[in-house]
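Whatever order the structure lists them in is the order used to number ligands and atoms, beginning at 1. Source: prediction; values computed, not measured.
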Amino acid sequence: MLIDVFLDLIFDQLVKHYKGFFPAVEMFGLLFFVLMAHTAYGDVSYSFPEEMKRGSVIGNIAKDVGLDVNRLSSGNARIDTEGNRKRYCDINLNTGELIVAERIDREGLCGKKASCVIKQELVLENPLELHRFILNIEDINDNSPSFKQTLIHFEIRESTDKGSRYLLDEAHEADIGMNSVQSYKLDSNAHFLLNVVTRENGRKYGELVLDKELDREKQKEVTLILTAVDGGTPPRSGTVAIYITVLDANDNAPVFSQAVYKVSLPENSPVDTLVVTVSASDIDEGHNGEVTYEFGHLSETHQKTFSLDALSGEIKLTGLLDYEEESSVELPVQAKDGQGLARYSTVVIEVVDLNDNAPIIMVKSLKIPIPENALPGTEVGIINVQDRDSENNGQVRCSIQQNVPFKLVPSIKNYYSLVTTGELDRELLSDYNITITATDEGSPPLSSTKNIHLTVADVNDNPPVFQEQNYRAHVQENNKPGSSICSVSATDPDWRQNGTVVYSLLSSDVNGAPMSSFLSVNGDTGVIHANQSSVFVSL
Ligand SMILES: *[C@@H]1O[C@H](CO)[C@@H](O)[C@H](O)[C@H]1NC(C)=O
Ligand SMILES: *[C@@H]1O[C@H](CO)[C@@H](O)[C@H](O)[C@H]1NC(C)=O
């Protein structure tokens with residue numbers, strides 16, 4: 001037995017050596033090389049590769065067992081099998097050579113067995129003679145490694161850590177020894193390495209090792225080819241495709257299309273006006289990529305003025321914008337994905353001014369009544385005008401009507417002095433209705449008016465005037481003392497006391513006697529009375 005094993009080992013080495021010289025063993029049938037030896041029991045043994053062509057010579061058995069060639073024909077030599085096994089070889093009766101009779105497939109005969117031995121017998125008659133011999137079938141690399149499946153499928157989440165391992169199916173091969181699977185290769189790729197594990201029985205399998213994290217948003221699937229290679233000469237290989245579906249993880253937040261959305265909108269735009277549509281996208285999948293919108297912190301006024309559609313991102317007006325209250329509005333908006341990852345953006349609304357405010361006229365001071373002797377240019381009042389609109393909409397011009405002895409003189413910003421332009425005469429016109437008109441430069445312009453009532457104060461500037469230059473009266477003699485002779489009348493257009501006339505007689509002498517001894521006048525009424533009877537007086 002020991003010798004047998006020893007010899008087998010030598011045969012192995014020799015066969016390998018021989019295969020090294022003639023790589024395509026299965027390709028030729030005539031040129032071959034068979035090793036023969038006697039076993040410990042005296043049997044003859046032939047070692048030769050499987051899959052030799054029919055008719056190929058295995059060895060010369062006649063020579064090997066010491067038979068004369070002629071004996072073969074006379075003895076009717078033939079090859080027999082033990083039991084009912086197939087007859088794999090024949091004998092050439094002319095030469096004594098053993099030749100291949102059937103296809104010899106080592107894998108079919110012996111499977112994974114380390115040595116594949118077929119026992120056969122050479123039988124001769126007259127007399128009966130029996131020689132056992134052994135066919136030792138050598139493996140050739142006639143099988144390729146193969147995988148159970150044609151496709152290996154993995155689902156790996158993109159959040160999976162580097163170093164994670166995935167077991168790969170072992171490749172199988174019918175050939176044995178070095179002709180069986182010796183190594184695995186993975187085509188070069190960005191994410192995975194191959195780790196080959198050798199088991200206790202010497203067989204090998206691969207593990208896929210994640211070497212660089214996956215990113216579904218960059219690559220949704222990875223296809224790799226795993227190749228198993230045997231140790232034959234030349235080597236044979238088998239492949240399997242590895243198909244990796246990268247599953248989503250919520251590793252991306254929504255991203256707004258703009259960091260700031262700038263829009264301008266006229267003030268007083270109607271409710272329901274679309275301000276702007278904000279939009280954010282999230283490259284994650286499904287729920288992880290579903291974006292909804294909401295406002296960040298808003299003031300109470302803004303909450304009443306704006307609405308944001310959570311799904312469409314449309315911002316609309318729910319109230320009115322007033323440029324005079326706020327000329328620029330900032331709204332923080334937020335986009336959130338299904339898992340709550342959020343990002344912010346800002347909407348900046350420039351409110352465009354409309355000419356929606358009329359000028360306001362305010363009388364800051366008024367010095368009335370105005371004395372009628374006031375000199376031209378006297379300041380009688382100070383007017384202030386204001387307009388809440390901006391720029392041209394807030395530029396105001398002020399005027400008063402023509403044909404009055406007053407004018408507006410522009411003073412410092414938005415202030416005007418109302419001054420007299422001529423002499424006043426209370427007795428002609430005692431009050432004025434001044435209408436101030438203020439108009440802005442908007443389009444269309446807005447204007448407003450204000451009436452001021454100016455009164456003129458009296459100055460005693462008119463002397464009384466008698467209705468007649470001379471009054472002539474006739475008095476009868478012996479009139480009663482105290483009777484009225486005549487009455488005079490004078491008028492004065494001035495006001496009240498300044499226009500109240502008091503009558504008196506100028507002191508003068510009549511024939512040496514004072515006038516007052518003859519006549520008297522009623523100061524209030526102007527009625528002249530006689531103090532004595534029968535007096536002739538010439539006034
Ligand atoms: C001034 O206006 C008032 C009321 O507007 C009116 O009653 C008055 O008669 C007017 N006076 C003059 C002098 O026009
Ligand atoms: C009369 O005239 C004087 C100035 O001449 C003035 O001060 C006064 O107020 C006037 N009286 C009235 C009742 O207008």
Novice: Can you sort out the partners of Y344 under ring pair (Phe, Tyr, Trp, His ring centres under 6.0 Å), two or more places apart, ordered by chain and number?
Specialist: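 Ring pair (Phe, Tyr, Trp, His ring centres under 6.0 Å) list for Y344, sorted by chain: empty.
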Novice: Check the orientation of F256 and Y261. Use parallel for under 30°, tilted for 30 to 60°, and perpendicular for over 60°.
Specialist: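 Ring orientation of F256 relative to Y261: perpendicular.
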Novice: Nearest non-hydrogen contact with atom 6 (C) of ligand 2 belongs to which option: N460, T500, D458?
Specialist: D458
Novice: Testing the 3.5 Å rule here: is there a donor-acceptor pair between the side chains of D337 and N288?
Specialist: no
Novice: What residue and atom, counting heavy atoms only, is the protein's closest point to atom 1 (C) of ligand 2, and at what distance?
Specialist: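 Answer, as residue, atom name and distance: N498 ND2, 1.4 Å.
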Novice: Donor-acceptor pairs under 3.5 angstrom involving side-chain atoms of residues 414-422: please list them, not counting sequence neighbours.
Specialist:
| residue | atom | partner | partner atom | Å |
| --- | --- | --- | --- | --- |
| S417 | OG | E379 | OE1 | 3.0 |
| T420 | OG1 | L375 | O | 3.1 |
| T420 | OG1 | G377 | N | 3.0 |
| T420 | OG1 | T378 | N | 3.1 |
| T421 | OG1 | P405 | O | 3.2 |
| T421 | OG1 | F406 | N | 3.4 |

Novice: Taking only heavy atoms of W495 into account, list the atoms of ligand 2 that are under 4.0 Å away from them.
Specialist: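 Going through ligand 2 atom by atom, the ones under 4.0 Å from W495 are 13 (C), 14 (O).
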Novice: Taking both backbone and side-chain atoms of R496, is any N or O found less than 3.5 Å from an N or O belonging to ligand 2?
Specialist: no
Novice: Please report which non-hydrogen protein atom sits nearest to atom 13 (C) of ligand 2, along with the residue it belongs to and the distance in Å to one decimal place.
Specialist: Q497 OE1, 3.1 Å
Novice: Is any NZ, NE, NH1 or NH2 atom of the basic residue among E325 and R388 found under 4.0 Å from an Asp or Glu carboxylate oxygen of the other?
Specialist: yes
